[in-house]
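What follows is a set of notes on a single structure, which appears directly below.
Note that these values count all heavy atoms, side chains included, but never hydrogens, waters or copies made by symmetry. Convention: sequence-line order gives letters A, B, ...; per-chain numbering from 1. Predicted model, so just to flag it, every value in this text is computed and none were measured.
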Amino acid sequence: MIETKSIKKETLAILFERLRSNDWRIVGPSKNGNQVTFKELPTGSTMTQDYIQSTQSAKHVLFPRVEELFSYQIKQKEVSLSEKKVTPTETLLFGIRPCDAAGIIPLAAVFNGDYPDSQFNNRLEHITVMAVSCIKADEYCFCTSVGGGPGDTRGSDILLTPLSTGDYLVEILTEKGKKLVESIADLFGLAPVESKETNLAKVEKRWPVDELEAKLKTLFNHEIWLKQSLRCIGCGACAFVCPTCVCFDIQDEGNSQGGKRLRCWDSCGFAHFTLHTSGHNPRELQVQRWRQRVMHKFSYQPERLNVIGCVGCGRCSRACPVDMNLQEHLSQLWEVQS
Amino acid sequence: MSEFEPKIVAFVCNWCTYAGADLTGTSRIKYSSNVRIIRFPCTGRIDFMLLLKAFANGADGIIVSGCHPNDCHYTSGNFHARRRWILFRSLLDFLGIDVRRIHFAWVSAAEGAKWAEFVNSVNTEIKKLGPHHHYHDLVNTGIA
Amino acid sequence: MEELRKKARELLESSSVNVVIGYEEGGAGKVRPIFARQPGETNSLIYDSRCLQNLAVYLAKPEVKKFGKPAIVAPVTTLKALLQLAAENQVTFESLVIIGITPGGKPRFFSGWSEIEAFVSPFPDVEPADQEKLEKIAKMSLTERWQFWQDELSRCVKCYACRAACSLCYCSRCTVDMNQPQWIPVASHDLGNLEWHVMRAMHLAGRCINCGDCARACPLDIPLNLLTQKLLQDVYSHFNQRAGIGVKLENPLSTFKPDDKESFFG
């Protein structure tokens with residue numbers, strides 16, 4: 001039985017300030033021109049909540065764009081290595097959508113697949129996720145078709161749902177969430193009468209994702225991939241805005257005196273992603289890379305890690321300069337006659 | 001309090017400026033010692049990114065020097081270089097990088113005295129501008 | 001639009017071309033590229049003010065080249081791109097059919113490059129709206145300009161959408177994808193971003209035809225086309241050269257005049 005409470009809209013600012021006074025960092029949605037991004041919100045900054053989805057995901061809080069793994073120094077033929085210590089501040093990740101919160105699950109699955117990635121896990125440990133349910137959706141959203149929903153609780157420590165009064169229903173979902181609420185219990189009120197469901201956005205379910213996974217296995221050599229991918233220019237925007245895309249590149253930057261090993265974002269859509277040193281490239285055409293993207297998220301990851309590699313947030317489709325619409329493509333795949 | 005000694009990198013062509021700098025030395029003309037000279041076959045070979053790499057590696061000022069127009073050992077290398085620098089300098093200025101930190105000259109193999117004078121004047125100017133902090137600070141930002 | 005569809009259909013039916021590259025209705029009020037190979041598919045062709053993407057970028061795509069001779073729907077910016085590509089020996093007049101689009105939206109065919117040159121010559125290189133933005137930046141102080149560009153460029157995630165969208169970025173292996181040496185950092189830290197954008201602007205100096213696709217493709221809304229436009233203007237003011245106006249190569253960095261003027265050489 002999930003514990004529920006309520007919180008007033010105006011109290012959020014007080015909640016943030018209380019946490020800041022305890023040396024917490026608040027990361028939340030902030031408007032930058034026409035776009036909404038998740039960044040640190042210091043005291044006095046304005047948060048925006050009037051949007052359907054941010055352009056970029058908040059994954060950079062867990063999996064930064066560029067992070068140092070270790071550094072080296074060479075002094076007179078002596079080499080010393082020092083591992084980068086990640087000492088994150090306690091962070092409240094506020095305002096991500098239920099799809100984004102659910103996206104933490106595939107990220108964690110990859111970063112704990114072969115062995116536990118200490119940097120990712122370290123950051124995750126110090127983040128409390130306070131997501132906000134969706135009362136609006138647009139034609140790009142398809143969370144309900146990948147096992148999620150506008151009020152999905154997976155991945156969140158606390159989930160707020162906006163009510164008709166403008167205040168929030170609060171669902172306390174994990175021990176971490178409970179601990180946070182207890183520490184500032186005076187800011188919360190009794191559970192509201194209004195139900196969560198009446199306020200949630202309506203997102204049409206378009207296909208049963210388990211059956212789609214099975215179907216994709218039979219479609220590897222189908223001609224549909226070429227048709228769908230013809231307009232793709234291999235730009236990489238989709239992978240970079242995606243909350244679950246986790247491919248990375250390792251880059252060593254340094255010279256004869258010292259340097260760093262960095263981990264940075266990469267995209268399977270890039271032409272040289274699978275380029276071998278021999279010159280051979282098993283995915284030298286965009287059609288192969290597009291197929292790989294869909295198969296990886298909807299077939300290989302479910303098979304190997306038991307997670308769907310997509311949360312239906314729609315960011316890839318909104319960001320795509322040539323209108324590659326993932327939900328549309330998946331619907332087409334679903335409708336292929338066997 | 002020690003005075004600021006700027007780090008200056010000079011990209012020069014082998015046939016004119018490098019030989020000219022050599023002449024400065026053999027003529028026993030003293031000039032600032034904080035310049036590191038990098039020899040290229042021709043100014044036409046100097047990639048514009050090398051200048052930014054110099055800044056990223058700690059340079060406070062940059063010198064680019066080669067043969068006078070019409071005197072290029074390879075006939076037209078310096079003509080191409082001149083075009084490149086006109087555009088590059090404009091781009092850097094547009095981006096907010098102080099182009100007073102980058103100095104260009106034509107110094108021939110016979111102009112030993114000119115080289116010394118030029119380097120000294122660049123050194124004075126860079127000293128006035130101070131260390132290239134904001135570019136150096138850029139080097140480690142954006143890494144988690 | 002009917003005329004465009006009719007012409008495209010005729011081209012496919014007569015096997016003059018194997019594919020027509022144009023625009024069709026996309027989702028959520030957007031348009032998207034279409035690759036019509038059957039005459040019936042030409043019914044989806046549209047042309048309106050939303051059709052801004054420069055389709056010339058697809059001429060270098062292997063899967064599209066495999067279809068055979070293409071026809072391409074070409075508004076003014078695409079025509080300029082084609083002229084520049086022809087100047088750089090990337091495309092010949094016989095290798096494709098150019099369905100030019102007049103500013104009024106009508107299809108127009110050309111008998112050769114010189115006709116296209118005459119057609120595009122009255123159009124300005126830089127739009128007034130962008131001109132204003134460039135002037136605004138030029139009026140800023142040096143520190144303000146640095147701050148402005150650092151605020152913009154630090155957001156870059158190095159997705160290379162700008163590169164992928166650009167029809168003049170046709171190198172089969174880009175210099176950033178070489179790692180012996182890794183000249184431009186892969187990582188999207190502040191230095192890596194600055195170096196990438198400087199290099200991109202310089203490699204497009206005098207070659208950019210200002211279609212604006214780089215800025216449109218950028219998922220972070222960074223005004224990238226301002227960098228290339230600045231250099232466009234410099235190339236014109238210093239060297240009297242323009243991109244996309246003719247098939248005679250006029251690239252500023254591959255050409256020179258012995259009496260080029262500069263004011264800063266000691």
Tell me whether the centres of the aromatic rings in B:Phe48 and B:Trp85 are closer together than 6.0 Å. no
Can you list every pair that meets ring pair (Phe, Tyr, Trp, His ring centres under 6.0 Å) and has a residue in residues 226-251 of chain C, with sequence neighbours left out? none
Between C:Thr143, C:Asp259, C:Asp234, C:Asp260, which shows the greatest number of heavy-atom pairs under 4.5 Å with chain B? C:Asp260
Are side-chain N/O atoms of C:Ser167 and C:Asn54 paired as donor and acceptor at under 3.5 Å? yes
C:Lys257 versus chain B, heavy atoms under 4.5 Å apart: side chain, backbone, both or neither? both
Answer yes or no for B:Arg83 and C:Phe256: cation-pi contact, defined as NZ/CZ to six-membered ring centre under 6.0 Å and angle to ring axis within 45°. no
Less than 3.5 Å apart, any donor N or O on the side chain of C:Ser154 or C:Asp190 sitting next to an acceptor on the other? no
Contact part of B:Ile63 toward chain C, heavy-atom cut-off under 4.5 Å: side chain, backbone, both or neither? neither
For C:Gln150, is it the side chain, the backbone, both, or neither that has a heavy atom closer than 4.5 Å to a heavy atom of chain B? side chain
Inter-chain contacts: residues 89-99 of chain B against chain C, heavy atoms under 4.5 Å: B:Arg89, B:Ser90, B:Leu91, B:Asp93, B:Phe94, B:Leu95, B:Gly96, B:Ile97, B:Asp98
Fit a plane to each ring of C:Phe264 and B:Phe104, take the angle between them on a 0 to 90° scale, and name the class: parallel (under 30°), tilted (30 to 60°) or perpendicular (over 60°). perpendicular
So which residue, B:His80, B:Lys114, B:His103, ends up with the most heavy-atom pairs under 4.5 Å with chain C? B:His80
Counting heavy-atom pairs under 4.5 Å with chain B, the top scorer among C:Ile137, C:Thr255, C:Leu194 is C:Thr255
Between C:Trp146 and chain B, which part of the residue has a heavy atom less than 4.5 Å away: side chain, backbone, both or neither? both
With a 3.5 Å cut-off and no angle check, do the side chains of B:Asn120 and B:Ser32 form a donor-acceptor pair? yes
Has B:Arg84 got its NZ or CZ under 6.0 Å from the middle of the six-membered ring of B:Phe88, at an angle within 45 degrees of the ring axis? no
Filtered by a 4.5 Å non-hydrogen cutoff, the part of residues 122-136 of chain B contacting chain C is B:His134, B:Tyr135
Taking atom NZ of B:Lys53 as the centre, report whether more than 12 heavy atoms of other residues, nucleotides or ligands fall under 6.0 Å from it. yes
Looking at C:Leu227, C:Leu153, C:Leu134, C:Leu142, which one has more heavy-atom pairs under 4.5 Å with chain B than the rest? C:Leu142
Just list the side-chain donor-acceptor pairs under 3.5 Å for residues 71-79 of chain B, sequence neighbours left out, or say none.
from    : atom 1 : to      : atom 2 : distance (Å)
B:Tyr74 : OH     : B:Trp15 : NE1    : 3.0
B:Asn78 : ND2    : B:Cys67 : O      : 2.8
B:Asn78 : ND2    : B:His68 : O      : 2.9

Is C:Lys248 close enough and on-axis enough to C:Trp113, meaning under 6.0 Å and within 45°, for cation-pi? no
Pair C:Tyr170-C:Glu88, side chain to side chain donor-acceptor pair (under 3.5 Å): steps then yes or no: CA-CA 11 Å; C:Tyr170 51 73; C:Glu88 296 181 4; 2.5 Å; yes
Between C:Gln229 and C:Asn210, do the side chains contain an N or O donor and an N or O acceptor separated by less than 3.5 Å? yes
